Amino acid sequence: MARDPRYDILFEPVRIGPHTTKNRFYQVPHCTGMGYRDLSALARLREIKAEGGWGVVCTEQVEIHPTSEITPFIELRLWDDQDIPGLARMSEAIHRHDALAGIELAYNGMNGPNLYSREVPMGPSHLPIATFTADPVQARAMDKEDIADLRRWHRQAALRAESAGFDIVYVYAAHGFGTLQHFLSRRYNTRSDEYGGSLVNRVRLLREIIEDTKEAVGERCAVAVRVTVDELIGPTGVHKEEMAEIIGLLAELPDLWDFVLGGWDNDSQTSRFSEEGNQEPYIAGLKSLTSKPVVGVGRFTSPDAMVRQIRKGLLDLIGAARPSIADPFLPRKVEEGRIEDIRECIGCNICISGDMTMSPIRCTQNPTMGEEWRRGWHPERIAAKRSDSTVLVVGAGPAGLECARALGQRGYRVTLAEASAELGGRVARECRLPHAGAWGRVRDHRLQQLAKLPEVEIFRESPLDADQIFEFGYAHLVIATGAYWRRDGIARHHLESIPIGEGARILTPDDLMAGARLEGSVLIYDDDHYYMGGLMAELLVAQGAAVTLVTPASEVSNWARNTLEQHKIQARLLHLGVRIETNQAVARIERGGVATACVFTGRLRELAAETVLLVTARLPQQALYRGLLDRRGEWTAAGLASVTAIGDAWAPSTIAAAVHAGRRYAEAFEEPHSPDAMPFRREVTALAGA
Ligand SMILES: Cc1cc2nc3c(=O)[nH]c(=O)nc-3n(C[C@H](O)[C@H](O)[C@H](O)COP(=O)(O)O)c2cc1C
Ligand code: SF4
């Protein structure tokens with residue numbers, strides 16, 4: 001199909017310093033949890049973005065010197081010439097598809113404890129380092145020699161970036177992560193020399209580094225500057241008015257301005273806390289302060305929203321991290337007039353959890369993310385079928401939908417049978433919870449794609465038992481029947497049932513998602529620690545209940561630190577009037593209340609509640625699966641060759657894991673493999689001389 005002329009503007013070339021990008025789609029720097037450990041995997045990941053049509057594809061932040069590294073996080077490194085070939089592999093991969101390659105040079109300074117190098121971190125002032133983990137380490141204030149060193153190191157890194165083939169070299173002063181931003185901020189910069197005090201002084205180091213970089217590589221590389229336009233902490237931080245002055249001071253110096261909002265948590269806000277395009281008020285007006293192109297972000301998945309940003313004069317280039325992760329082929333789809341095929345980011349930040357847990361990036365919507373090199377998966381392509389085998393997939397949740405879709409894409413004939421009237425399984429239920437609507441895109445995208453696959457037939461309201469399955473005569477059966485929440489309290493804290501007295505009223509999230517409404521006093525016991533406990537609290541407050549949330553953890557939704565949401569969730573619940581009791585495990589449930597035990601002392605307390613909502617653990621829905629295994633002797637006569645449980649029906653986990661499991665089944669189906677072989681490729685570091 002031809003592209004809609006409305007979107008022509010997105011395909012205009014834009015000059016960036018000595019280069020011209022072929023269109024306005026710009027993959028801004030984003031890390032992947034792969035970094036220096038998984039270089040070939042990372043090169044392939046970036047290549048696929050370039051193949052998908054992004055005019056510019058950037059690396060993540062790249063550490064430029066061992067005096068500033070952010071172990072345990074795994075980023076790229078450009079410490080010396082040894083690092084050049086790995087990065088060159090990336091730029092070459094990007095160039096193969098006619099995209100520009102950008103590299104973000106980063107000196108984190110007081111943002112990293114230097115656990116690997118054991119060098120003393122440096123910053124503008126003597127201050128404790130500002131990390132997620134509150135390491136007991138302080139940065140020392142840089143003297144003039146240190147500043148000269150930093151300028152030299154940055155220059156050397158820029159030259160190495162140039163020789164690694166990059167077209168755009170970033171100077172990074174954003175997210176509260178880089179020394180250059182720390183110097184800008186009067187919160188961190190309490191110096192009394194010419195690098196502190198007045199704005200002109202605080203800007204000095206940034207100016208010098210931009211000038212150094214331009215001087216070193218400016219002929220062959222564009223120099224981009226990434227800044228946080230507002231730290232969102234009021235007058236003590238960098239704020240929009242001050243940033244306007246900063247841009248005024250440096251306006252024409254870089255070749256490109258890249259604007260972001262706040263720390264990483266406010267830049268990469270989840271859909272639970274913000275809408276697409278939420279950064280607009282913060283960047284409005286800034287572009288007029290420079291004649292250089294401006295890139296900005298805002299979880300842009302809609303080409304109409306993108307066009308609007310350009311027509312309104314807010315941006316020249318549409319920056320995207322998450323939309324490019326969820327759909328590396330987004331630009332191509334716009335170009336080919338296939339808007340409905342765009343796999344829209346749901347704003348869950350599971351991608352960020354990869355980096356936060358030092359594991360390769362993953363994505364709820366795009367199961368191939370991070371698997372491009374090690375498993376050879378591609379977001380748009382999959383191997384053709386090997387036979388005319390037929391597959392019955394039971395259960396149309398995230399695992400079943402993706403499995404049926406990917407098998408259908410391979411050309412297999414698939415029947416997808418869902419017991420209920422509604423497709424989507426847990427996604428359909430969970431996306432009705434407060435602020436979770438965007439999660440429905442996991443279902444919507446797959447249904448939209450399935451509608452194009454004549455090989456896949458979908459049956460709703462079709463609960464199946466073993467006898468019916470034997471009658472159908474399918475060769476292969478996939479059980480994707482999901483999971484259900486436990487009612488006995490067993491989870492992380494309790495490995496045995498919590499004692500429950502007679503007449504106690506106990507519900508689980510399944511009851512609320514099925515429509516139960518609660519008023520009066522409700523005690524949520526959250527031993528799950530991700531989003532469900534907080535969402536249940538929000539839902540119940542909206543229903544008029546008085547909610548107490550008890551958790552054995554030291555904070556609400558503890559794991560959501562990995563999606564940069566924990567503090568926002570806790571703040572929201574506090575604002576809603578939810579009473580929060582941390583470090584408490586429910587020890588006993590009675591009619592009208594519970595006893596909780598302090599996780600440290602065991603000291604018991606009584607808390608009154610008419611209803612207890614257990615958000616603890618889930619059990620796989622395996623009745624059908626187990627029933628079929630019990631009748632294995634009848635399989636051959638029924639023509640059944642394999643029965644496989646996938647996703648939550650195998651072991652409950654995230655939606656991302658369920659989608660991945662569906663894809664994995666389809667990718668591996670009838671492909672030769674040995675159970676003893678490594679399930680994926682990995683890169684083993686070459687040994688240096690002893
Ligand atoms: C997984 C992930 C990793 C990121 N890593 C970086 C990084 O290394 N450097 C950086 O400047 N920004 C980083 N960001 C922020 C993004 O560049 C971007 O500014 C932000 O996510 C908002 O854009 P989006 O809504 O298009 O995702 C990261 C974002 C994500 C989602
Ligand atoms: S993991 Fe979630 S937030 Fe990240 S790109 Fe995928 S869908 Fe978007």
Side-chain angles (χ1 to χ4, degrees), residues 25-35 42 45 54 58-63 70 73-76 102-106 108 111 170-178 181 224-229 258-272 274-279 283 295-301 305-306 309 315 317-328 330 343-357 359-370 379 398 427 438-442 445 562-565 654-657 659-660:
F25 293 95
Y26 191 111
Q27 184 244 277
V28 287
H30 76 75
C31 39
T32 57
M34 292 175 167
L42 195 41
L45 181 159
W54 298 88
C58 295
T59 62
E60 57 263 71
Q61 55 166 306
V62 180
E63 298 167 355
I70 56 167
F73 302 100
I74 300 177
E75 310 299 332
L76 281 166
I103 181 167
E104 186 181 57
L105 303 183
N108 279 273
N111 189 57
Y170 261 88
V171 173
Y172 184 38
H175 297 127
F177 285 169
Q181 186 182 350
V225 176
R226 187 162 231 214
V227 285
T228 281
V229 295
D258 180 340
F259 296 145
V260 298
L261 178 65
W264 190 12
D265 57 332
N266 280 317
D267 184 26
S268 301
Q269 291 194 35
T270 56
S271 54
R272 199 167 160 187
S274 79
E275 299 288 327
E276 178 173 0
N278 72 310
Q279 304 201 9
I283 55 156
V295 60
V297 286
R299 221 169 62 242
F300 292 119
T301 57
M306 298 176 191
Q309 296 284 314
L315 301 175
L317 295 152
I318 301 301
R322 292 166 294 174
S324 75
I325 294 168
D327 196 340
L330 188 152
R343 203 181 309 104
E344 288 188 289
C345 167
I346 69 166
C348 63
N349 279 1
I350 280 292
C351 47
I352 289 176
S353 77
D355 196 53
M356 297 294 284
T357 56
S359 42
I361 189 167
R362 62 216 54 216
C363 170
T364 304
Q365 271 285 54
N366 173 11
T368 68
M369 180 50 45
V427 169
W439 299 359
R441 292 173 172 183
V442 173
H445 172 73
N562 295 313
T563 54
L564 310 181
E565 293 173 295
T654 57
I655 299 170
V659 174
H660 185 271

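Read the numbers this way: they start at 1 and go in the same order the structure lists the ligands and their atoms. Keep in mind that what you see is a predicted model, and the values were worked out from it rather than measured.
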Problem set entry | Validation row: Met369, Pro328 side chains within 4.5 angstrom (heavy atoms) | yes
Exercise. In ligand 1, which numbered atoms sit nearer than 4.0 Å to a non-hydrogen atom of Gly298?
Worked result: 25 (O)
Problem set entry | Glu75, any N or O under 3.5 Å of ligand 1 N or O | no
Problem set entry | Those atoms of ligand 1 less than 4.0 Å from some heavy atom in Val260 | 19 (O)
Problem set entry | side chain to side chain contact (heavy atoms under 4.5 Å, CB included) against Glu344, all qualifying residues, sequence neighbours excluded | Thr301, Ile342, Arg441
Exercise. For the atom pair OG (Ser271) and CG (Asn278), what is the distance rounded to the nearest 0.5 Å?
Worked result: 11.0 Å
Problem set entry | Student check: side-chain heavy atoms of Thr563 and Ile352 closer than 4.5 Å | no
For this session: Any atoms of ligand 1 less than 4.0 Å from a non-hydrogen atom of Ala320? List them with their elements.
Result: 26 (O)
Exercise. Does the N or O separation between Pro29 and ligand 1 drop below 3.5 Å for any pair?
Worked result: yes
Exercise. Do we see a donor-acceptor contact under 3.5 Å between the side chains of Asp267 and Gln279?
Worked result: yes
Seminar exercise, completed: Looking only at protein heavy atoms, what sits closest to atom 23 (O) of ligand 1 is Val297 CB, 3.3 Å
Exercise. With a 4.0 Å cut-off on heavy atoms, is Tyr172 touching ligand 1?
Worked result: yes
Problem set entry | Any Val28 side-chain heavy atom under 4.5 Å of Val260 side chain | no
Problem set entry | Option of least heavy-atom distance to atom 1 (C) of ligand 1 (set: Ile350, Leu564, Ile352) | Ile352
Exercise. Which atoms of ligand 1 sit under 4.0 Å from any heavy atom of His175?
Worked result: 10 (C), 11 (O), 12 (N)
Problem set entry | atom 2 (Fe) of ligand 2 neighbourhood, protein N/O/S only, threshold under 2.8 Å | Cys348 SG
For this session: Would you indicate whether the side-chain heavy atoms of Met306 and Leu315 approach each other to under 4.5 Å?
Result: no
Exercise. Hey, which atoms in ligand 1 end up nearer than 4.0 Å to a heavy atom of Ser268?
Worked result: 15 (C), 20 (C), 21 (O), 29 (C)
Exercise. Just checking, any donor-acceptor pair under 3.5 angstrom between side chains of Glu565 and Thr270?
Worked result: yes
Exercise. Does Gln279, backbone or side chain, put an N or O under 3.5 Å from an N or O of ligand 1?
Worked result: no
For this session: Would you confirm whether Arg343, through its side chain, and Pro379, through its main-chain N or O, come within 3.5 Å as a donor-acceptor pair?
Result: yes
Exercise. At a 4.0 Å threshold, what atoms of ligand 1 neighbour a non-hydrogen atom of Pro323?
Worked result: 26 (O)
Exercise. Which ligand 1 atoms does Arg322 reach within 4.0 Å, using its non-hydrogen atoms?
Worked result: 21 (O), 24 (P), 25 (O), 26 (O), 27 (O), 31 (C)
Exercise. Is the closest heavy atom of Trp264 to ligand 1 under 4.0 Å?
Worked result: yes
For this session: Indicate yes or no: at least one non-hydrogen side-chain atom of Gln61 is less than 4.5 angstrom from one of Ile70.
Result: yes
Problem set entry | Any N/O pair Ala321/ligand 1 closer than 3.5 Å | yes
Exercise. Does Cys31, backbone or side chain, put an N or O under 3.5 Å from an N or O of ligand 1?
Worked result: yes
For this session: Return yes if some donor-acceptor pair links the side-chain N/O of Asn266 with the main-chain N/O of Leu261 below 3.5 Å, else return no.
Result: no
Problem set entry | Heavy atom of the protein closest to atom 8 (O) of ligand 1 (residue, atom name, distance) | Gln61 N, 3.1 Å
Exercise. How long is the gap from CD1 on Ile350 to CD on Gln365, to the nearest 0.5 Å?
Worked result: 12.5 Å
Problem set entry | Contact check, side chains of His30 and Ser268, non-hydrogen atoms, under 4.5 Å | no
For this session: State which residues pass side chain to side chain contact (heavy atoms under 4.5 Å, CB included) with Ala173; sequence neighbours excluded, sorted by chain then number.
Result: Leu180, Gln181, Leu206, Val227
Problem set entry | ligand 1 contact by Asp267, heavy-atom criterion under 4.0 angstrom | yes
Exercise. Tell me, do Leu330 and Trp54 make a side-chain contact under 4.5 Å, heavy atoms counted?
Worked result: yes
Exercise. What do you reckon, does Ala174 put a non-hydrogen atom under 4.0 Å from ligand 1?
Worked result: no
Exercise. Of the protein's non-hydrogen atoms, which lies at the shortest distance from atom 9 (N) of ligand 1, and what is that distance?
Worked result: Glu104 OE1, 2.8 Å
Seminar exercise, completed: Hits for side chain to side chain contact (heavy atoms under 4.5 Å, CB included) against Asp265, two or more places apart or cross-chain, chain-then-number order -> Leu564, His567, Lys568
Seminar exercise, completed: One finds that the ligand 1 atoms under 4.0 Å from a non-hydrogen atom of Glu60 are 8 (O)
Exercise. So, is Arg226 polar-close to ligand 1, with some N/O to N/O distance under 3.5 Å?
Worked result: yes
For this session: Using a 4.5 Å cut-off on heavy atoms from C-beta on, say whether the side chain of Leu76 contacts that of Leu42.
Result: yes
